[in-house]
Amino acid sequence: MGVAVSIQQVVKTFGSLRALDGVSLEIAEGEFFGLLGPNGAGKTTLISCLAGLVRPDSGRLNVMDCDVLADYREARRRLGVVPQELVFDPFFSVRETLRIQSGYFGLRKNDDWIDEILENLDLTGKADTNMRRLSGGMKRRVLVAQALVHKPPVIVLDEPTAGVDVELRQGLWQFVQRLNREGHTVILTTHYLEEAEALCGRIAMLKQGRIVALDTTS
């Protein structure tokens with residue numbers, strides 16, 4: 001089994017705050033991996049570095065053997081990130097949003113996969129609804145759909161079920177577990193310990209920018 005994500009001695013500071021303090025971590029292909037820690041531990045900063053949204057001060061990050069800095073385009077193609085924040089374009093419908101997202105990755109005629117994602121995230125009935133008219137929970141479902149639209153081998157879920165209803169949480173996890181069984185690597189940050197316990201094979205715990213525990217879930 002190969003390495004899906006390799007993080008080596010990553011350091012990131014914001015002024016006097018050392019958000020990441022020499023983080024090293026390897027996640028195998030096909031793992032369902034949990035990243036836990038209190039607010040401010042560095043989880044989102046680490047994910048932002050992995051996605052190329054934040055440039056680390058030092059260290060190396062690889063996604064499926066692609067260096068996140070030196071080979072950004074290919075590394076980003078192999079990664080799907082569901083962010084915490086509800087970021088959306090208010091001018092388009094759900095389906096248009098997913099088609100545009102496909103276009104960012106050079107994908108055309110992606111409608112069969114878009115339909116499958118919409119169905120699995122219970123969004124089919126909202127496919128032609130403008131993003132502005134969706135509830136917060138529905139917008140979060142669209143964020144998940146956007147992360148999956150280019151079929152990335154590595155999926156990162158940054159607290160994807162914060163503030164969403166129980167029904168969506170269950171449906172989302174069934175879909176993500178299916179993708180994991182099909183070979184996708186999944187990285188989950190969450191505050192819900194029962195989620196991590198039920199889903200993740202291994203867990204790393206971050207505190208003040210350092211990994212303080214890394215082991216199997218049991």
Flag, side chain of [X] to backbone of [Y], donor-acceptor distance under 3.5 Å:
{"X": "Arg95", "Y": "Ala127", "value": "no"}
{"X": "Asp57", "Y": "Thr13", "value": "yes"}
{"X": "Thr217", "Y": "Cys200", "value": "yes"}
{"X": "Ser93", "Y": "Asn130", "value": "no"}
{"X": "Asn110", "Y": "Val149", "value": "yes"}
{"X": "Arg78", "Y": "Val63", "value": "no"}

task = Might you work through the side-chain contact (heavy atoms from CB on, under 4.5 Å) test for Glu119 and Thr124, ending with a clear yes or no?
result = CA-CA 5 Å; Glu119 184 178 341; Thr124 304; 3.9 Å; yes
Interatomic spacing from [atom1] in [X] to [atom2] in [Y] - rounded to 0.5 Å:
{"X": "Leu107", "Y": "Arg77", "atom1": "CG", "atom2": "CZ", "result": "7.0 Å"}
{"X": "Phe91", "Y": "Arg132", "atom1": "CZ", "atom2": "CZ", "result": "6.5 Å"}
{"X": "Arg210", "Y": "Asp21", "atom1": "CZ", "atom2": "CG", "result": "4.0 Å"}

inquiry  = Out of the candidates Ile187, Val176, Thr190, only one should pair with Leu157 under the side chain to side chain contact (heavy atoms under 4.5 Å, CB included) rule; please name it.
reply    = Val176
Considering all heavy atoms of both residues, which atom of [X] and which atom of [Y] are nearest to each other, and what is their separation?
{"X": "Val142", "Y": "Leu123", "value": "N-CD1, 4.0 Å"}
{"X": "His184", "Y": "Pro152", "value": "ND1-O, 2.7 Å"}
{"X": "Arg60", "Y": "Asp67", "value": "NH2-OD2, 3.2 Å"}
{"X": "Ala196", "Y": "Ile203", "value": "CB-CD1, 4.0 Å"}
{"X": "Cys49", "Y": "Val68", "value": "O-CG1, 3.4 Å"}
{"X": "Ser102", "Y": "Ile114", "value": "OG-CD1, 3.9 Å"}

Parallel, tilted or perpendicular: rings of Phe175 and Trp113 (30°, 60°) = tilted
key: Chi angles and distances behind the salt bridge (Lys or Arg N to Asp or Glu O under 4.0 Å) call for Asp158, Lys43   = CA-CA 8 Å; Asp158 193 5; Lys43 303 186 298 297; over 6 Å; no
request  = Evaluate side-chain contact (heavy atoms from CB on, under 4.5 Å) for Lys12 paired with Leu46, printing each intermediate quantity in order.
outcome  = CA-CA 9 Å; Lys12 179 62 187 175; Leu46 185 61; over 6 Å; no
ask   = Would Ile100 and Thr97 count as a side-chain contact (heavy atoms from CB on, under 4.5 Å) if you check the C-alpha gap in whole Å, the side-chain angles of each, and the deciding distance to 0.1 Å?
value = CA-CA 5 Å; Ile100 291 166; Thr97 297; 5.8 Å; no
Identify whether [X] and [Y] are in the same connected component of the hydrophobic contact network (ILVMFWY, side-chain heavy atoms under 4.5 Å).
{"X": "Leu188", "Y": "Ile47", "result": "no"}
{"X": "Leu25", "Y": "Val5", "result": "yes"}
{"X": "Val81", "Y": "Ile155", "result": "no"}
{"X": "Val23", "Y": "Ile27", "result": "yes"}

inquiry  = Side chains of Ile211 and Leu206, heavy atoms from C-beta outward: is any pair under 4.5 Å?
reply    = yes
message = Run Thr44 and Thr189 through side-chain contact (heavy atoms from CB on, under 4.5 Å) and show every step you take.
response = CA-CA 8 Å; Thr44 298; Thr189 82; 5.6 Å; no
